[in-house]
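Taking it in order: structure first as structure tokens, then the write-up.
So that the names make sense, note that chain A is the first sequence line, chain B the second, and so on, each numbered from 1. These numbers come from the heavy atoms of this one structure, side chains and all, not from hydrogens, waters or symmetry mates.
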Amino acid sequence: MRELSGGGRLVARIVETEAYQEDDPASHSYRGPTPRTDVMFGRPGHLYVYFTYGMHHCMNVVTGRSGEGSAVLLRSAEPVEGLAEMTRRRGTGDPQLLCSGPARLAQAFGVARGENGLDLVRGSDLFLLGGDPVPRSRVGRTTRVGISTGRERPWRFVVRGDPFVSRGSSRRASSPRESSPRGHPPSPLKD
DNA sequence: TCCCCGATTAACT
DNA sequence: GTTAATCGGGGAG
């Protein structure tokens, strides 16, 4: 959720994420801390924003302890409130195109490099809310999207059958196979 | 310095 | 299904 300075707010329900960690060749943190990835190695609960393909920004929540280098990429969400503002930012009113995709989600929320390092737990207009927990049976796990190494790690998590999960993923030829998570599903984030 | 390519998207054929 | 857009990170020289 993001509170807007002019009043009003943007709310979206996260339906797709991917996990990245330090011993993971697909992770920006793989080669150790750099000016770009310092935030990933910082305190958990902060926002790591990266710029890619010369035009897109993506949002991550830092998850590991200080010094650790892990984060969760927010890939897709269902827009819930503030659709008009998201539409203005995105240039399309199709709800399925507002927040489905990591760069689309960041654009809808107006997040760019300036927001890198924000504390999502305290003192920010951008933060996470705990909602109704997603039942374990609805959590699907697949391989990650758009990476060239570390493909085998099944660290993408989706709400099964949710129409707001991004397409880039479920559509590809070498389509990631969806399976039930083993062990513990991601626990819902609390305040 | 040079060079390759990326945790993507939209617009093509 | 394919490709242009667009630029910064970071390894190689």
**Q.** A:S29 side chain vs A:G32 backbone, donor-acceptor pair below 3.5 Å
**A.** no

Q. Is A:Y50 stacked on the base of B:dA7, meaning ring centres closer than 5.5 Å and planes within 30 degrees of each other?
A. no

Q. Using a 3.5 Å cut-off on both pairing distances, which stems of three or more Watson-Crick or G-U pairs include DNA chain C?
A. B:1-6 with C:7-12, B:8-12 with C:1-5

Q: Using heavy atoms and a sub-4.0 Å distance, could you list which residues of residues 41-49 of chain A are near DNA chain B? By number, please.
A: none

Write out a two-atom table: protein N or O, nucleotide N or O from nucleotides 2-6 of chain C, distance below 3.5 Å.
from  : atom 1 : to    : atom 2 : distance (Å)
C:dT6 : O2     : A:Y53 : O      : 2.5

Q | Nearest-Å distance once atom C1' is located in both B:dA7 and C:dG1 | A | 22 Å

Q | Spacing between A:D38 atom CG and C:dG9 atom C1', to the nearest angstrom | A | 13 Å

Q: Scan side-chain atoms only and decide if A:E16 and A:S76 contain a donor-acceptor pair under the 3.5 Å cut-off.
A: yes

**Q.** Counterpart residues, side-chain contact (heavy atoms from CB on, under 4.5 Å), relative to A:R31 (two or more places apart)
**A.** none

(Q) Can you pull out the residues from residues 97-108 of chain A that lie within a 4.0 Å heavy-atom distance of DNA chain B? (A) A:G101, A:P102, A:A103, A:R104

Q | Lys/Arg-Asp/Glu bridge criterion (N-O < 4.0 Å) met for A:R9, A:D125 | A | no

**Q.** A:F127: side-chain contact (heavy atoms from CB on, under 4.5 Å) partners, not counting sequence neighbours
**A.** A:M1, A:E3, A:L129

